[in-house]
Amino acid sequence: MPELLLELFSEEIPARMQARAVDDLARLVAEALAPLSPGDMRAFHGPRRIAVAATVAAGVPESRSVERGPRNTAPEQALAGFLRKHGATRDQLMREGDHWLLQKVTPARDAALVISAALPPLLRRFPWPKSMRWGTSSLTWVRPLRRIVCLLDGDVVRFDLREGTDDGHGLRSGNETEGHRFLAPGPVAVFGLGDWETKLGERYVIVDAAERRRIIMGGVAALAGARRLRVVEDAALLDEVAGLVEWPVPLVGRIDAAFMDLPPEVMQVSMRVHQRYFALRNPDGSPAPFFAFVANIEAPDGGASIIAGNERVLRARFADAQHFWDQDRRVRLESRVPALDGIVFHAKLGSQGDRVRRLERLSVSVVTQLDAHGISITDPGSAELAARLAKADLTTGMVGEFPELQGIMGYYYARHDGIAEHIAQAIRDHYGPKSESDPLPYGPGIPVALADKLDLLAGFFALGEKPTGSGDPYALRRAALGIIRIILGHGLQLSLKELLREAFAFHRDKVPDAVATPDDVFSFIVERWRAQVRSRGERHDVLRAVFAIWQDDNLIRLRHRIYDVTRFLITEDGTSLLTAYRRAANILRIEDKKDGPHTDEPEQRRFEIDEEFNLSRMLHQVNQSVDVLLGTDAFFSAMLSMAALRAPVDAFFEHVTVNAPEPELRRNRLRLLARLRDTMNRVADFSKIEG
C-alpha cells in the first residue's frame, strides 16, 4: 500500500500541547481519509513540528448507490431541494412506484485526489486549545505555520490552504522541511518517511519524542551516576523537556554551597518551575550540590559555557528564594493567621480566614466522632491548632512565588517557630493525599485533611459547582478520593453524612440557598469509590449491590460487607444461589408487568407439592437467622445462613411449574419467588451483580 507522510512545520509549539495535538492530527487524518483505509499510523511531535505517517489504499473505486427521493406528487420545491442536496440534475431521476429515485455514480478517485481534497479544511480548522493569527490571513495555528510536507510514496500531494479570498498565507504542500534551527538551518527536500527521519537525524533533529525522552532519561541518569548521585523522579518534567529540545544534550551544573540550607522542596520547585532543571540527591536522600539540565545544541566547548550560564541563572533564582526564606521566618506562623481574612478563598464562600474557622470546628468534630468509636489519633486541641495554622503559609512570600509549596512551607516555618513536630507535619500533609502514590496524613493531619476536603465538597456542591464530564476546576473528584483513601487506609469509623451535614451547616451563612444536600455529596463520594474500584479491575458491581441496600455512610462497614459478599459469591453455594436469584428475578420481571407486583405473603393453603412447602419453610428459617445475625453485624454469617436455601431452591425449580394454568396457584408461586428474591436482597441487591 502507498505510504503517506504529512508534516506540519511551525514556530515553537508549547511542549504541553504537542502530544495532544499529534493525537488529534492522527485521529482527524484517519477520519478524513477513511475511504482510503489508513493503517499502520505513526505519530511524531516535537518543538517545531507535528507529523503523521500511514499506509493508505491506492484509491477509491467507483461506487453506485440509489437514493430514494420525494413522492411523485411532492411540490417542485421539495424535488429541487433533493437535487441540490445530492448535486444532481433532473435527468438523473427515475420513477419507481410513487417515488423518485436517484442513481448516483461516484467515479473512482486516486489517493492523491482524496488527500488533496480532505486535508485543507482539516488543517484550517485544527483544534488547538490556543491558536493565533499572523499577517492578513484568517488561518490560525498554535504558532505561525511555515511549511507543509505531504508525500504519497515519495511524490508531493499538491494542495494549498487558500479559502475563498483568503490566501492562507500562501502555504502550499511540498517536500521541503527544516533541520535544527541553529545546528542545521535551512530547507531540505525529503522523499518519504524513512528519508525524512534520516535526513532530519543528520540535521540534528530526533523526530521520535519517545527516543528523545530515552536519551534525556539515560543521559541525566548516567551523569548523576558518575557522581554517585541519583535523579529525583519527575515524569512530567521529563515529558516537558523532551518537548522543548530537538537534539537533547544532558549536562550537569553545580549549586553554590551558600544555597544548600534552603529546604530541598524549595530548591527542586525553583529549578523545575523556572528552569526545567532536574534535582539530584545524595545516596542518603539529601539534596546534592548539583543539578542536571538538557541543552538543545552540541557546543564546541563540550557545554562548559552553557553550564556556566545556567549556573549564573540558578544563582539568581536561588537568591530570590533565599530572600523569601529569610524574610518569611521573621514573622511567626501563628501571627499570620489574621491576615487570612484578607485573602479570598472564593467570592461566594468567603475568605481563607472563614475557611480556617470552619476547618477548626470540623476537625474537632472528626476527632470527637473517632473518640466515640474508641479510635484515638490525636486530641481535639492538637487538631484545632493544626487546622488554625494549616493555611497560614498562604500569606508568605515563598508560597506567593511558588504556590506548589503551600503546606510544605507551613511545615518548615512551624518547625522554625518551635511548634511541635506532629502539628508541623499536619500542616504539611493536610492537602494530601493527592494521588494513589501519596502517603497518608497521620496524627492531627488526619482530621485536618478530612475537614479540608469535606469543607471543599460541601461549599462547592452547595453553590452548584459540581464536576462535569469535561472539567473539575476545584479538584472535587480528588477531594472525594482523598477522603476515601484516608478513611479506608486508617480504618476510621466515621459517619460521613453527619460530618457533611455539619460542613453544610458551616456554609449556611454564605450559601443560605444551597442547591445540593449532604446526601448528594455522599453519593458523589461513593460513586468516586466505585469508579476507583472499577479502574483497578475489582468488583465495583458488588459495591453497588451492597450500597443499594444499606446506604451506610460508614465506609469501613461498607468495605467489610463488600468483602463478605465477594467471598460468598465465589463459593459453590453463592454461585448457585445467584443463578437461582436471577432466574427468580427474571420471571418476576416478566410476570409483574402482567399483573404484579406479587409482593403479598404466599398462602400455605395453596401449596400443592412438597417443594413449595420446603422452600417456604426454609425461607422462614433463614429470615429468622438473618434477623439475628444482621442485628449483631455478623454479615458473612448471615450470608452463609442463606446457603441453606440452595437445595430447596434447586428442587423448587426442578419440580414446580411457576406459571401454572390456575391463576391463584400461579400468583402464589410468584409470591414465593418474590419472597426468595427479597430474602437475598436483605444483604445486597443481587440484580446489580454482573457476569
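Keep in mind it's a predicted model, so treat the numbers as computed, not measured. When a residue number appears, it is its place in the shown sequence, counting from 1.
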ring-ring contact (aromatic ring centres under 6.0 Å, His included) between His430 and Tyr411, worked out | CA-CA 11 Å; His430 83 278; Tyr411 165 76; over 10 Å; no
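- No salt bridge links Glu498 with Arg501; every basic N to acidic carboxylate O contact stays at or beyond 4.0 Å.
- Phe293 pairs with exactly one of Ile307, Val241, Leu314 by the side chain to side chain contact (heavy atoms under 4.5 Å, CB included) rule, that one being Ile307.
- Annotation for Arg508: atom CZ does not count as buried by contact number, only 12 or fewer foreign heavy atoms lying within 6.0 Å.
- Atom CZ of Arg536 has more than 12 neighbouring heavy atoms from other residues, nucleotides or ligands inside a 6.0 Å radius.
- Ionic pairing of Asp633 and Arg557 is not present here: no N-O contact between side-chain nitrogen and carboxylate oxygen is shorter than 4.0 angstrom.
- By the 4.0 Å N-to-carboxylate-O rule, Glu211 lies close enough to Arg214 to be salt-bridged with it.
- Between Ser382 and Asp379, the side chains place a donor N or O and an acceptor N or O closer than 3.5 Å (distance only, hydrogens not considered).
- Few gaps surround CZ on Phe636; more than 12 heavy atoms of other groups in view lie less than 6.0 Å from it.
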Give the intermediate values and the outcome of side chain to side chain donor-acceptor pair (under 3.5 Å) for residues Asp328 and Tyr413.
-> CA-CA 8 Å; Asp328 289 342; Tyr413 295 144; 2.7 Å; yes
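- The aromatic rings of Trp550 and Phe635 stand perpendicular to each other, their planes meeting at an angle above 60°, with 30° marking the opposite boundary.
- Taking the ring centroids of Tyr442 and His490, they lie under the 6.0 Å cut-off.
- No side-chain donor-acceptor contact under 3.5 Å links Asp23 and His45.
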Side chain to side chain donor-acceptor pair (under 3.5 Å) between Asp520 and Thr517, worked out | CA-CA 5 Å; Asp520 294 330; Thr517 66; 3.2 Å; yes
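- We find that Asp354 and Arg357 are joined by a salt bridge, their nearest charged nitrogen and carboxylate oxygen being less than 4.0 Å apart.
- Glu421 and Arg415 are joined by a salt bridge, as a carboxylate oxygen and a charged side-chain nitrogen come within less than 4.0 angstrom of each other.
- Ring pair His346/Tyr474 is perpendicular by interplanar angle, where above 60° counts as perpendicular and below 30° as parallel.
- Applying the 6.0 Å contact sphere to CZ of Arg567 captures more than 12 heavy atoms from other residues, nucleotides or ligands.
- Remark: Arg358 is not positioned above the aromatic ring of Phe506, lacking an NZ or CZ atom under 6.0 angstrom from the ring centre and at most 45 degrees off the axis.
- Taking each heavy atom of Ile556 and Leu492 in turn, the nearest pair found is CG1-O, 3.1 Å.
- Heavy-atom contacts from other residues, nucleotides or ligands closer than 6.0 Å to CZ of Arg227 number more than 12.
- In this structure, Arg539 does not pair ionically with Glu690, as no charged nitrogen and carboxylate oxygen lie closer than 4.0 Å.
- Salt bridge Asp685/Arg544: absent, no basic N to carboxylate O contact under 4.0 Å.
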Let me see the working for Asp284 and Ser286 under side chain to side chain donor-acceptor pair (under 3.5 Å), right down to the final yes or no.
-> CA-CA 6 Å; Asp284 63 0; Ser286 62; 2.6 Å; yes
